[in-house]
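Here the structure is laid out as structure tokens; the discussion comes afterwards.
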Amino acid sequence: MVIDVECLSRLFAGRRESISDARAFTRAFVVDRSPDDLVDTVELVVSELCTNAVEHTASGEEGGQFVLELAVHSEHVRVGVVDFGAHTEPTLNDEPFGVDAVSGRGLLIVETVSKAWGSERLRVGRRVWADVVGASM
């Protein structure tokens with residue numbers, strides 16, 4: 001019996017080391033369900049949203065966690081990250097970046113490679129999501 005799952009989620013510890021685990025989880029789930037050109041882009045979006053959860057929300061505090069949600073649709077892949085919440089809203093950083101900048105561009109990258117993105121408050125925490133579309137979708 002083969003079970004074809006189009007949506008999958010997983011809980012991760014709110015540590016930087018979990019981001020590479022989230023990328024590997026994403027690749028394993030998306031690789032056979034999406035065009036090849038989309039897999040790397042989805043993995044990039046996962047990396048950026050999970051990094052933001054760990055660095056900018058309570059998910060990155062002692063004992064914190066985040067949930068990665070993946071949903072493959074015919075026209076896009078939706079990536080969602082549910083975190084423990086923060087005092088600020090996720091926003092694009094419109095400050096100019098120097099060539100040596102190593103942070104601050106996560107949501108700009110997400111916006112650039114996604115057809116849409118947003119966030120919503122939940123009863124506990126927040127979900128930040130992005131709809132990623134490849135050239136062949």
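Just so it is clear, the model here is predicted, and its values are computed rather than measured. What's counted below: heavy atoms across the whole structure, side chains too, no hydrogens, waters or symmetry copies.
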For the atom pair [atom1] ([X]) and [atom2] ([Y]), what is the distance rounded to the nearest 0.5 Å?
| X | Y | atom1 | atom2 | answer |
| --- | --- | --- | --- | --- |
| Cys7 | His73 | SG | NE2 | 5.5 Å |
| Glu48 | Glu111 | CD | CD | 13.0 Å |
| Phe84 | Leu122 | CZ | CG | 12.0 Å |
| Glu6 | Leu70 | CD | CG | 11.5 Å |
| Thr26 | Leu8 | OG1 | CG | 9.5 Å |
| Arg27 | Asp32 | CZ | CG | 11.0 Å |

Quiz item: What class does the angle between the rings of Phe12 and Phe25 fall in, given that below 30° is parallel, 30 to 60° is tilted and above 60° is perpendicular?
Solution: perpendicular
Taking C-beta and beyond as the side chain, do [X] and [Y] meet within less than 4.5 Å on heavy atoms?
| X | Y | value |
| --- | --- | --- |
| Val42 | Ser34 | no |
| Ile19 | Arg16 | yes |
| Val128 | Arg126 | yes |
| Leu38 | Val77 | yes |
| Val54 | Cys50 | no |
| Trp117 | Leu49 | no |
| Leu68 | Ser9 | no |

Linking I/L/V/M/F/W/Y whenever their side-chain heavy atoms sit closer than 4.5 Å, directly or via other members, would [X] and [Y] fall into one cluster?
| X | Y | answer |
| --- | --- | --- |
| Phe66 | Val110 | yes |
| Trp129 | Leu107 | no |
| Val30 | Val81 | yes |

Minimum heavy-atom distance between [X] and [Y], given as atom pair plus value:
| X | Y | answer |
| --- | --- | --- |
| Arg23 | Ser47 | NH1-OG, 3.3 Å |
| Glu89 | Ser119 | OE1-OG, 4.4 Å |
| Val133 | Glu75 | CG2-O, 3.5 Å |

Exercise. Would you list the pairs meeting side-chain hydrogen bond (donor to acceptor under 3.5 Å, both in side chains) in which at least one residue belongs to residues 78-87, sequence neighbours left out?
Key: Arg78-Asp131
Practice problem: Return yes if some donor-acceptor pair links the side-chain N/O of Ser114 with the main-chain N/O of Ala130 below 3.5 Å, else return no. | Solution: no
Quiz item: Has the side chain of Ser18 got a donor or acceptor atom that lies under 3.5 Å from a matching backbone atom of Ala13?
Solution: yes
Self-check item: Residues which pass side chain to side chain contact (heavy atoms under 4.5 Å, CB included) with Thr41, listed by chain and number, not counting sequence neighbours
Solution: Val113, Val132
Quiz item: Among all residues two or more places apart in sequence or in another chain, which pass the side chain to side chain donor-acceptor pair (under 3.5 Å) test with Arg127?
Solution: Glu69, Glu120
